[in-house]
Trainee: 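My questions will all concern the structure given below.
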Number of protein chains: 2
Amino acid sequence: MLSKKTKYGLKALTYLAKQEGNQPVQISAISKDENISRKFLESILLTLRKNGFLGSKKGKLGGYYLLKDPKDIKMSSVMRILEGPIAMVPCVSLNFYEKCDDCPDETACTVHNLMTEVRDSTLHIFNNTSLADLIK
Amino acid sequence: MLSKKTKYGLKALTYLAKQEGNQPVQISAISKDENISRKFLESILLTLRKNGFLGSKKGKLGGYYLLKDPKDIKMSSVMRILEGPIAMVPCVSLNFYEKCDDCPDETACTVHNLMTEVRDSTLHIFNNTSLADLIK
DNA sequence: CTTAATTCCTATTATTCCGATAGGATTTAA
DNA sequence: TTAAATCCTATCGGAATAATAGGAATTAAG
């Protein structure tokens, strides 16, 4: 299941990408238009900023804006920041790998092999979809 | 993330599919060989039985066995029983659909559209992989 | 007939994670 | 100087997950 954090984060990015120009947009505007809890959204935008997707302007008339061209924001990177691993099991994750406690031999594990296939196909989509593609 | 329930369930099905003949296999044997908590596995096998994948024999020398040919056990059906929806968001699920609270218009939702793509590709794999394919 | 070994069933507990909230510090435009 | 915004850290409640407990029912074998 996709967390609300990721879902809201994607909606916020979409919202910002649709803006004319690149003026700062206030949290409360996004929160209201997209029906997202204001405080929760605040924390999400903060992590997107800390990870280089967004810039912010403080104080009155402040807000958030995209730092990169939507064409250069790949879904795979957004997903990894907000959701964490793309793979369904840690032993299959490229960026968040963890060995399973059970399972002496990964290459012989049917679950591992099946989930590798799933990861590949999902990753293919996320690597080839940008924020710009979403708003087309 | 794949739940342990699903992971263990898949491992147990694999284990049973690898058996010679179709003699009942005891929970404790699977539990031991696959490093799965015995009681937890017990409840998983129970749901697999109640959903028509497994048969059981009670009493001494009892155990579980496959009811169908591994070729006829599709990953999509196993996943839906053990894990629930295959889609990452309920508004995209074919078998567990739920409308989002936010989001007035699904067809205009970028998250919805992206996740539909992901569901399609994942489902394609699960629909075209059987238990027999796993043990090849 | 008795015993041991097994599944069956329901309930309960422990733990973790998620979504949301709180409240004040800091910054800035007007 | 004030109002409006982001920044930051901490915390909380509830839901879901993983696991455990304990006994009832069933059956093979001696």
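All values reported here derive from a predicted model rather than from experimental measurement. Each chain gets a letter, A, B and so on, in the order its sequence line appears, and its residues count up from 1. Just so you know, these numbers use all the heavy atoms, side chains as well, and skip hydrogens, waters and symmetry mates.
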Trainee: Flag this pair as yes if the NZ/CZ of Lys68(B) is under 6.0 angstrom from the six-membered ring centre of Phe53(B) and inside a 45 degree cone about the axis; otherwise no.
Mentor: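 Checked: cation-pi criterion met.
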
Trainee: Between atom CG of Leu54(B) and atom CG of Leu48(B), what is the distance when rounded to the nearest 0.5 Å?
Mentor: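 Output value for this atom pair is 5.0 Å.
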
Trainee: Using atom CG of Leu48(A) as one end and atom P of dC7(D) as the other, report the distance to the nearest whole Å.
Mentor: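 It is 12 Å, rounded to the nearest whole Å.
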
Trainee: Would you mind reading off the distance between Ile30(B) atom CD1 and dT6(C) atom C1', rounded to a whole angstrom?
Mentor: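 About 13 Å, once rounded to whole Å.
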
Trainee: If the threshold is 4.0 Å, N to carboxylate O, is there a salt bridge linking Lys7(B) and Asp102(A)?
Mentor: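 Yes, this pair counts.
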
Trainee: Would you say Asn113(A) and Thr110(A) are linked by a side-chain donor-acceptor pair, where the criterion is simply a distance under 3.5 Å?
Mentor: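 There is no such pair (donor and acceptor under 3.5 Å, judged by atom type) between the side chains of Thr110(A) and Asn113(A).
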
Trainee: Which letters describe nucleotides 25-30 of chain D, given B = protein heavy atom under 4.0 Å from base, S = only from sugar-phosphate, - = neither?
Mentor: -BBBS-

Trainee: Any chance you could list the contact pattern along nucleotides 10-22 of chain D? Use B for base contacts, S for sugar-phosphate-only contacts and - for none, protein heavy atoms under 4.0 Å, 5' to 3'.
Mentor: --------SSBBB

Trainee: Regarding Lys7(B), tell me which of base, sugar-phosphate or nothing describes its non-hydrogen contacts under 4.0 Å with the strands shown.
Mentor: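 If one applies the 4.0 Å heavy-atom cut-off, Lys7(B) turns out to touch nothing in the nucleic acid.
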
Trainee: Check the distance between dA5(D)'s P and Leu46(A)'s CG and give it to me in whole angstrom.
Mentor: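 It works out to 17 Å between those atoms.
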
Trainee: Does any non-hydrogen side-chain atom of Met1(B) lie less than 4.5 Å from one of Pro85(A)?
Mentor: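 With C-beta onward as the side chain, the pair touches.
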
Trainee: What's the CD1-P distance between Ile27(A) and dA20(C), to the nearest Å?
Mentor: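 Taking atom P of dA20(C) as the reference, CD1 of Ile27(A) is at 15 Å.
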
Trainee: Any heavy-atom pair between the side chains of Leu66(B) and Leu131(B) that's under 4.5 Å?
Mentor: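 Result yes, sub-4.5 Å side-chain heavy-atom pair found.
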
Trainee: Classify the nucleic acid contact of Leu45(A) as base, sugar-phosphate or nothing, counting any heavy atom under 4.0 Å across all strands shown.
Mentor: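 The residue Leu45(A) makes no contact with any strand.
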
Trainee: Side chains of Ser31(A) and Ser28(A): is there a donor and an acceptor less than 3.5 Å apart?
Mentor: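 Their side chains do not contain a donor-acceptor pair, so the 3.5 Å distance test is not met.
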
Trainee: Between Val92(A) and Val118(A), is any pair of side-chain heavy atoms under 4.5 Å apart?
Mentor: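 A side-chain contact under 4.5 Å is absent here.
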
Trainee: Can you tell me the distance, in whole Å, between the OH atom of Tyr64(A) and the P atom of dA4(D)?
Mentor: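 After rounding, the reported distance stands at 19 Å.
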
Trainee: Could you tell me the separation between the CD1 atom of Ile44(A) and the C1' atom of dT21(C), rounded to a whole number of Å?
Mentor: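 In whole Å, dT21(C) C1' lies 13 Å from Ile44(A) CD1.
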
Trainee: Under a 3.5 Å threshold, yes or no: a donor from one side chain and an acceptor from the other, between Ser3(A) and Glu83(A)?
Mentor: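 Yes, a side-chain donor-acceptor pair sits under 3.5 Å.
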
